[in-house]
Amino acid sequence: MSAGTAKLNVTVAEVKPINDLVTRFKFVRTGGGDLPTFSGGAHTVVEMQDGDITRLNAYSLMSNPADRGAYTISVRRDDEGRGGSKFMHSQVKEGMEMVISNPVNLFSLDLRAKKHLMLAGGIGITPFMAQMHQLTMMGGQFELHYSVRNASLGTYAEELKAKYPGKVHIYHDDQDEAIDLNTLIATQPLGTHVYVCGPKGMINWVHGTAEDMGWPREAVHSEEFLAPASGKPFEVKLAVSGKVIQVGEHQSLLEAIEAAGVDAPYLCRGGACGQCETNVVGYDGKFLHYDHWLDDEQKAGGKHIMPCVSRFEGKTLVLDR
């Protein structure tokens, strides 16, 4: 099932710049009424009509899960990206009507945990804001360690320190402040779960350190949505529908399939959930795998591709769609 099959018509109630790179957007249901419930760590997929291309980008919900009157997201502008974040920053205005998906949670809290240790980098702070709301209502134990480039780009850092005194710790790269991950992990009480959201390097660092220190994999959780990469245009044949489609330089394979009128499942559109995994019928060329889902053996085998983020270079690619 595609997250996109369950859509919500919303109106932009607020557009608020937070710093030089990040802007906050608040959505309310068009015509009034409550929005569907969600839990901390959930995301929504925002539809953007960017010229003749419909972009669908996933953003973490950062608002209080108990407040069904509005959803709030924050978007970091990426001037080197394909245009989704720039569209949000330059084109989306208060009062504008948009379409978003029902919330989906691929980064939920494990409520069996005795304590929740949260590690954030940059815009990766947003899912933790909803999770901290949820844990506060539940009386759950947590602490947040948040690494930012500098104070001016510390999105919501001072707000969080004031709201959760003693539980939020901020580290500034420009002051050579760094999370002492080994000590932090080694001193956690039994039953603690670790959550990390941020750049790929940070996620790998946390997973690797926890594994080296003997932490069970099921106690370490992470989330990273990848932006689809741009690349050379290529042609794809869809074996089931019989269609031949062109994938543009700044268009994902998933977007091209959808533009051809073929339904394709997805949840995250960022290479993490596995929902859009597609069988390869045949090919003559090479795959450019960018996802987190397929393992190295599957990527080398040439039998599967994640069309949300991965690409292809060569003469022939035939998919089971």
A.B. asks: Step through it carefully: locate the ring centre of Phe142, locate the ring centre of Phe128, and say whether they are under 6.0 Å apart.
C.D. replies: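 They do not qualify: ring centres at least 6.0 Å apart.
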A.B. asks: Do you know which two heavy atoms are closest between Val75 and Ser85, and how far apart they sit?
C.D. replies: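 That closest heavy-atom pairing would be CG1-CB, 3.9 Å.
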A.B. asks: Could you walk me through whether Tyr266 and Glu258 pass the side-chain contact (heavy atoms from CB on, under 4.5 Å) check?
C.D. replies: CA-CA 11 Å; Tyr266 68 84; Glu258 292 170 332; 3.7 Å; yes
A.B. asks: State, to 0.1 Å, how close Arg77 and His89 come at their nearest heavy-atom pair, and which atoms those are.
C.D. replies: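 Shortest heavy-atom separation between Arg77 and His89 comes out as N-NE2, 3.4 Å.
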A.B. asks: Begin from the C-alpha positions of Gln131 and His116 and carry the test side chain to side chain donor-acceptor pair (under 3.5 Å) through to its verdict.
C.D. replies: CA-CA 10 Å; Gln131 289 182 342; His116 306 270; over 6 Å; no
A.B. asks: Under the side chain to side chain contact (heavy atoms under 4.5 Å, CB included) rule, collect the residues that match up with Asp110, sequence neighbours excluded.
C.D. replies: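 So Asp110 forms a side chain to side chain contact (heavy atoms under 4.5 Å, CB included) with Arg112, His193, Tyr195, His221.
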A.B. asks: Let's go through Val262 and Ile257 carefully: what are the C-alpha distance in whole Å and the side-chain angles of both, what is the deciding distance for side-chain contact (heavy atoms from CB on, under 4.5 Å) to 0.1 Å, and is it a yes or a no?
C.D. replies: CA-CA 6 Å; Val262 177; Ile257 292 172; 3.8 Å; yes
A.B. asks: State which residue, out of Asp291, Asp320, Leu294, Val280, fulfils the side chain to side chain contact (heavy atoms under 4.5 Å, CB included) condition with His304.
C.D. replies: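 The option that passes is Leu294.
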A.B. asks: Pick out which of Met118, Met132, Lys115 makes a side chain to side chain contact (heavy atoms under 4.5 Å, CB included) with Glu143.
C.D. replies: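 Considering Met118, Met132, Lys115, a side chain to side chain contact (heavy atoms under 4.5 Å, CB included) with Glu143 is found only for Lys115.
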A.B. asks: Quick one, Gln246 and Gln251 - any side-chain contact, counting heavy atoms below 4.5 Å?
C.D. replies: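 Not touching, per the 4.5 Å side-chain cut-off.
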A.B. asks: For the residue pair Thr54 and Gln49, what are the closest heavy atoms and their distance?
C.D. replies: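 Thr54 and Gln49 have their closest heavy atoms at OG1-OE1, 2.7 Å.
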A.B. asks: If you look at every heavy atom in Ala264 and Leu254, which pair is closest and at what distance?
C.D. replies: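 Nearest pair, atom of Ala264 first, then Leu254: CB-CD1, 3.5 Å.
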A.B. asks: Is there a side-chain contact (heavy atoms from CB on, under 4.5 Å) between Thr155 and Arg76 once you walk through the steps?
C.D. replies: CA-CA 10 Å; Thr155 309; Arg76 183 187 186 279; over 6 Å; no
A.B. asks: Would you indicate whether the side-chain heavy atoms of Leu61 and Pro103 approach each other to under 4.5 Å?
C.D. replies: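 The answer is yes, as the side chains (C-beta and beyond) meet within the 4.5 Å cut-off.
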A.B. asks: Under a 4.5 Å cut-off applied to non-hydrogen side-chain atoms, are His172 and Val148 in contact?
C.D. replies: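 Answer yes - side chains close enough.
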A.B. asks: Looking at CG of Asn279 and CG of Leu319, how far apart are the two atoms once the value is rounded to the nearest 0.5 Å?
C.D. replies: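 Answer rounded to 0.5 Å: 9.0 Å.
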A.B. asks: What are the two closest heavy atoms between Val46 and Met88, and how far apart are they?
C.D. replies: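 Val46 and Met88 have their closest heavy atoms at CG1-SD, 4.1 Å.
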A.B. asks: Determine whether Tyr71 and Phe38 satisfy the following criterion, side-chain contact (heavy atoms from CB on, under 4.5 Å), listing intermediate values before the conclusion.
C.D. replies: CA-CA 10 Å; Tyr71 290 162; Phe38 72 95; 3.8 Å; yes
A.B. asks: Less than 4.5 Å apart, side chain to side chain, heavy atoms only: is that true for Ile18 and Tyr156?
C.D. replies: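 The answer is yes, as the side chains (C-beta and beyond) meet within the 4.5 Å cut-off.
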